[in-house]
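Down below is the structure, laid out as structure tokens.
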There are 2 protein chains.
Amino acid sequence: MSRTHAHGASTLPTLSADTILDLLRGQGMRITRGRVAIISALLAAKAPLSLEEIRVAAGKRARQEPLDFATVYRVMETLEELKIVQKIHLGRARSHYELVDPHAHHDHLVCTDCGKVEMLDEPCPVEPLERKLRRHYGYAEVKHSLEFFGRCPDCQ
Amino acid sequence: MSRTHAHGASTLPTLSADTILDLLRGQGMRITRGRVAIISALLAAKAPLSLEEIRVAAGKRARQEPLDFATVYRVMETLEELKIVQKIHLGRARSHYELVDPHAHHDHLVCTDCGKVEMLDEPCPVEPLERKLRRHYGYAEVKHSLEFFGRCPDCQ
DNA sequence: AAATTCTTGCAAGTAATTTGCAAGAGCAAG
DNA sequence: CTTGCTCTTGCAAATTACTTGCAAGAATTT
Ligand SMILES: [Mn+2]
Ligand SMILES: [Mn+2]
Ligand SMILES: [Zn+2]
Ligand SMILES: [Zn+2]
């Protein structure tokens, strides 16, 4: 029951639940209801989620009691170490999480008024500078974090 | 005693202590030992400082008892509202602060190993995309936050 | 110098994690 | 299908990083 590419139309988000679960299995980790629910919630998310949002979304999707907050915290900590998810900072008190897209990352546009977060579908403009940081500054494993803030059309 | 551009050689960082203090005065605010010490510390800083770092640096520079943490917090809150300083997020637990450069902002390069922070003296590559977010996405007052992470030459 | 108003230190309060630990749940064996 | 070994989870307590209330103290004005 481990299809990797079998499904109908729609754009495929690179990572499937099975792919991720296999990754966990490969690390000797267990496939628990909580982890399955969390991964399902992340796959369905249209924007980065806070720990509390993940907790609620996972509970709904799996039609089960919401997980304990500490559990969500530790699952996300694990998924982050495995590079399956990444934590992002949107200028709020809480951190948010989203699945890593190994092929093409995206940056974010946050409305400073209503809090809406858009995932930008624009080519990332900083790759050249990133290369320069490697070549001329001598840095290794260079990554970046880029988010835009502004007032969305609805909020003006 | 309010020189705005009078001094010797060296590259001038746009904002002088007097300029800032005049700005505070203009808002009906008082020139206190603490504020003077904090501004002096910020002007001397070679990288963004955390509240605790500001507290210590300000104490040393003014050769006085370190300020209370809450005081530093409130002074920075005020300076931020006046757009004199800005808070930045370097992927750490604490926020960091630095003086705003009204002429040309800079982005940051953080070593994920030793924590060193470099202020990049490179043209910012995201202005075109920022314009597009205004024109085609309809966002107003668009700003951005961009930081790079990697392992510095010393840490490899 | 006195009055006025803004600031500060100190202590208490919050919000968001982060951790310890014993009970519970996967999963490989038998 | 039951057992045993380990990994996970829930619950409560601990931490970290702010954030706020308030009365004493300091900067300016009069
Ligand atoms: Mn990018
Ligand atoms: Mn920039
Ligand atoms: Zn909005
Ligand atoms: Zn380093």
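If you're wondering where the values come from, they're calculated on a predicted model, not measured in any experiment.
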**Asked** Rounded to whole angstroms, how far apart are CZ on A:R55 and C1' on C:dA16?
**Response** 14 Å

**Asked** Are B:E127 and B:R131 close enough for a salt bridge, meaning some N to O gap below 4.0 Å?
**Response** no

**Message:** Please determine whether a side-chain nitrogen of the Lys or Arg among A:E52 and A:R55 lies less than 4.0 Å from a carboxylate oxygen of the Asp or Glu.
**Reply:** yes

**Item:** Length of the line joining B:M76:CE and C:dT8:P, which is rounded to integer Å
**Value:** 13 Å

**Message:** Distance check needed: D:dC7 P versus A:L21 CG, whole Å only.
**Reply:** 19 Å

**Message:** Rounded to whole Å, how long is the line connecting atom CZ of A:R35 with atom P of D:dG10?
**Reply:** 11 Å

**Request:** Hey, which sits more toward the 5' end of DNA chain C by its nearest nucleotide, B:R33 or B:A93?
**Result:** B:R33

**Prompt:** Contact class for B:T71 (heavy atom, under 4.0 Å): base, sugar-phosphate, or nothing?
**Reply:** base

**Asked** Is a donor on one side and an acceptor on the other found under 3.5 Å between the side chain of B:R35 and the backbone of B:R30?
**Response** yes

**Message:** Expressed as a whole number of angstroms, how long is the span from B:L24:CG to D:dT28:P?
**Reply:** 10 Å

**Message:** Both B:F69 and B:M29 contact DNA chain D. Which one's nearest nucleotide lies toward the 5' end?
**Reply:** B:F69

**Message:** Can you identify which nucleotide, out of C:dT8, D:dC18, D:dA27, has its nearest atom closest to the B:R30 side chain?
**Reply:** D:dA27

**Message:** If I take atom CD in residue B:Q27 and atom P in nucleotide C:dT5, what distance separates them, rounded to the nearest angstrom?
**Reply:** 18 Å

**Message:** Can you measure A:Y73 atom OH to D:dA12 atom C1' for me and round it to whole angstrom units?
**Reply:** 16 Å

**Fill in**
Per atom distances to the B:I31 side chain, the nearest of D:dT8, D:dT28, C:dT8 is D:dT28

**Asked** Base, sugar-phosphate, or nothing: which does B:A70 touch, judged by heavy atoms less than 4.0 Å apart?
**Response** base

**Request:** Please report, rounded to the nearest Å, how far the P atom of C:dT18 is from the CZ atom of A:R94.
**Result:** 14 Å

**Asked** A:R74 has a side chain; which of C:dT18, C:dT8, C:dT19 sits nearest to it?
**Response** C:dT19

**Prompt:** Taking the side chain of B:L67 as its heavy atoms from C-beta onward, which of D:dT19, D:dT8, C:dG9 lies nearest to it?
**Reply:** C:dG9

**Request:** Consider the side chain of B:T32, meaning its heavy atoms from C-beta on, and name the nucleotide among C:dT8, D:dT6, C:dC10 that approaches it most closely.
**Result:** C:dT8

**Prompt:** What nucleotide among C:dG9, D:dT9, D:dG10 has an atom nearest to a side-chain atom of B:D68?
**Reply:** C:dG9

**Request:** Check the side chains of B:H96 and B:H89 for a donor-acceptor pair under 3.5 angstrom, ignoring hydrogens and angles.
**Result:** no

**Request:** Mind listing the closest non-hydrogen atom pair of A:R61 and A:A41 along with its distance?
**Result:** CD-CA, 3.4 Å

